[in-house]
**Q** 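Let me give you the structure first, and then I'll get to my questions.
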Amino acid sequence: MPDDRDPLGAASRALADAAAQLSRALGAQARNAVPEVSEAIAHGLREAARGIADASESLAGSSDDTEQRRRRKVDRTRADLLDAAARVFAARGFEGASVDDVAAEAGYTKGAVYSHFGSKRELFLAVARDRLADAQEPSGPVLPGVGADGVDVAALTDALTRSADDPRLLLAVEFLAYALRHPGESAELAAVYARAFEALVEHVAGLRRARDARDGRASDPGTTQDDRDAALGVVAVVNFAPLGARLLGDEHITPASGARLIARLLA
């Protein structure tokens with residue numbers, strides 16, 4: 001635990017966290033506009049964040065023992081590598097990415113990658129576990145603009161529009177592609193996706209029960225086949241509409257049409 005009597009160390013740790021967050025935010029915003037500049041900015045900020053964090057560790061020496069500092073540094077390095085790997089796998093896919101690419105993106109040596117992950121496959125699966133963990137236990141609304149009172153089509157359209165350029169969507173597609181291409185290794189990813197889908201089914205069922213209660217109708221207390229069908233439709237639209245609009249253009253598919261379809265599925 002950080003020592004509250006060490007305000008300088010606490011301030012340094014907070015600054016390190018802020019620099020890391022700024023690196024991720026600016027990198028994501030600039031990547032689509034000027035990739036070369038965004039990469040230079042992101043790399044510089046990642047280096048600054050690590051330097052500040054290292055200084056923080058030294059300042060915290062009076063209140064934290066050596067093992068705690070070592071453990072924090074190991075955890076920070078692992079988190080940096082996972083973030084970098086997620087960006088690389090989203091951009092190049094599992095087959096097109098290399099450990100060298102991840103090391104360069106993270107600003108570490110290839111040896112640092114192998115000291116945390118034994119192979120590219122282990123690194124990829126670690127990224128999948130890390131990025132899909134939130135889907136297993138959603139803590140808030142599954143879809144922006146979707147609630148018991150109905151669907152805010154404008155808010156959902158905005159979310160689908162943003163997701164078209166969100167590398168996390170391509171990364172999720174890459175997880176599925178990997179599982180299908182490597183059936184002998186797909187069990188873990190399949191289990192994670194199954195839990196995520198069941199969480200969405202429960203969410204859809206909860207919305208249905210809330211609407212029924214609001215309108216004074218009797219409602220099935222569990223999940224129904226209609227709930228499962230609606231959840232499947234939502235998954236299909238959320239994943240295809242943004243990518244389809246990006247690939248085919250507005251004359252064929254728009255995020256707004258995806259949002260209207262979800263509204264009908266959940267009506």
**Q** Any idea which heavy atoms bring Leu171 and Arg131 closest together, and the distance?
**A**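 For Leu171 and Arg131, the tightest heavy-atom pair comes out as CD2-CG, 4.0 Å.
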**Q** Please assess Phe89 against Leu170 for the test side-chain contact (heavy atoms from CB on, under 4.5 Å), listing each intermediate value before the final yes or no.
**A** CA-CA 9 Å; Phe89 287 132; Leu170 282 176; over 6 Å; no
**Q** Describe, in one word, how the ring planes of Phe124 and Tyr178 are oriented to each other, choosing from parallel (under 30°), tilted (30 to 60°) and perpendicular (over 60°).
**A** tilted
**Q** Looking at Asp101 and Lys110, is any side-chain nitrogen of the basic one under 4.0 Å from a carboxylate oxygen of the acidic one?
**A**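 No, no charged N to carboxylate O under 4.0 Å.
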**Q** Begin with the C-alpha distance, continue with both residues' side-chain angles, and end with the deciding distance and a verdict on side-chain hydrogen bond (donor to acceptor under 3.5 Å, both in side chains) for Asp158 and Thr161.
**A** CA-CA 5 Å; Asp158 184 57; Thr161 301; 5.6 Å; no
**Q** Same cluster or not: Leu266 versus Phe197, using hydrophobic residues (I, L, V, M, F, W, Y) connected whenever any side-chain heavy atoms lie under 4.5 Å apart?
**A**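 Same cluster: Leu266 reaches Phe197 through Ile, Leu, Val, Met, Phe, Trp or Tyr contacts under 4.5 Å.
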**Q** Heavy atoms only: give me the nearest Val127-Ala85 pair and the separation to one decimal.
**A**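 For Val127 versus Ala85, the nearest heavy atoms are CG2-CB, 3.6 Å.
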**Q** Salt bridge (charged side-chain N to carboxylate O under 4.0 Å, His left out) between Arg71 and Asp75: does it pass, once the steps are laid out?
**A** CA-CA 6 Å; Arg71 184 70 254 171; Asp75 290 345; 2.9 Å; yes
**Q** So does Arg92 pair up with Glu174, basic N to acidic O under 4.0 Å?
**A** no
**Q** side-chain contact (heavy atoms from CB on, under 4.5 Å) for Arg121 and Glu185? Distances and angles first, verdict last.
**A** CA-CA 10 Å; Arg121 169 188 167 278; Glu185 303 174 6; 2.9 Å; yes
**Q** May I have the step-by-step check of side-chain contact (heavy atoms from CB on, under 4.5 Å) for Thr224 and Arg208, ending in yes or no?
**A** CA-CA 10 Å; Thr224 67; Arg208 170 182 54 77; 3.8 Å; yes
**Q** List in chain and number order the residues that pass salt bridge (Lys or Arg N to Asp or Glu O under 4.0 Å) with Arg78, two or more places apart in sequence or in another chain; answer none if no residue qualifies.
**A**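 With neighbours one apart ignored, the set is empty.
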**Q** Linking I/L/V/M/F/W/Y whenever their side-chain heavy atoms sit closer than 4.5 Å, directly or via other members, would Tyr114 and Phe94 fall into one cluster?
**A** yes
**Q** Is there a path from Leu243 to Leu261 through hydrophobic residues (I, L, V, M, F, W, Y) whose side chains come within less than 4.5 Å of each other?
**A** no
**Q** Any chance you could pull the hydrophobic cluster mates of Val74, using side-chain heavy atoms under 4.5 angstrom and chaining through other members?
**A** none
**Q** May I ask you to list the residues sharing a hydrophobic cluster with Leu248, side-chain cutoff 4.5 Å, ordered by chain and number?
**A** Phe240, Leu247, Ile253
**Q** With side-chain contact (heavy atoms from CB on, under 4.5 Å) as the test, would you mind laying out the steps for Asn239 and Leu176 before giving the verdict?
**A** CA-CA 12 Å; Asn239 284 281; Leu176 284 172; 5.7 Å; no
**Q** Is there a continuous path of hydrophobic side-chain contacts, each under 4.5 Å between heavy atoms, that joins Ile262 to Val201?
**A** yes
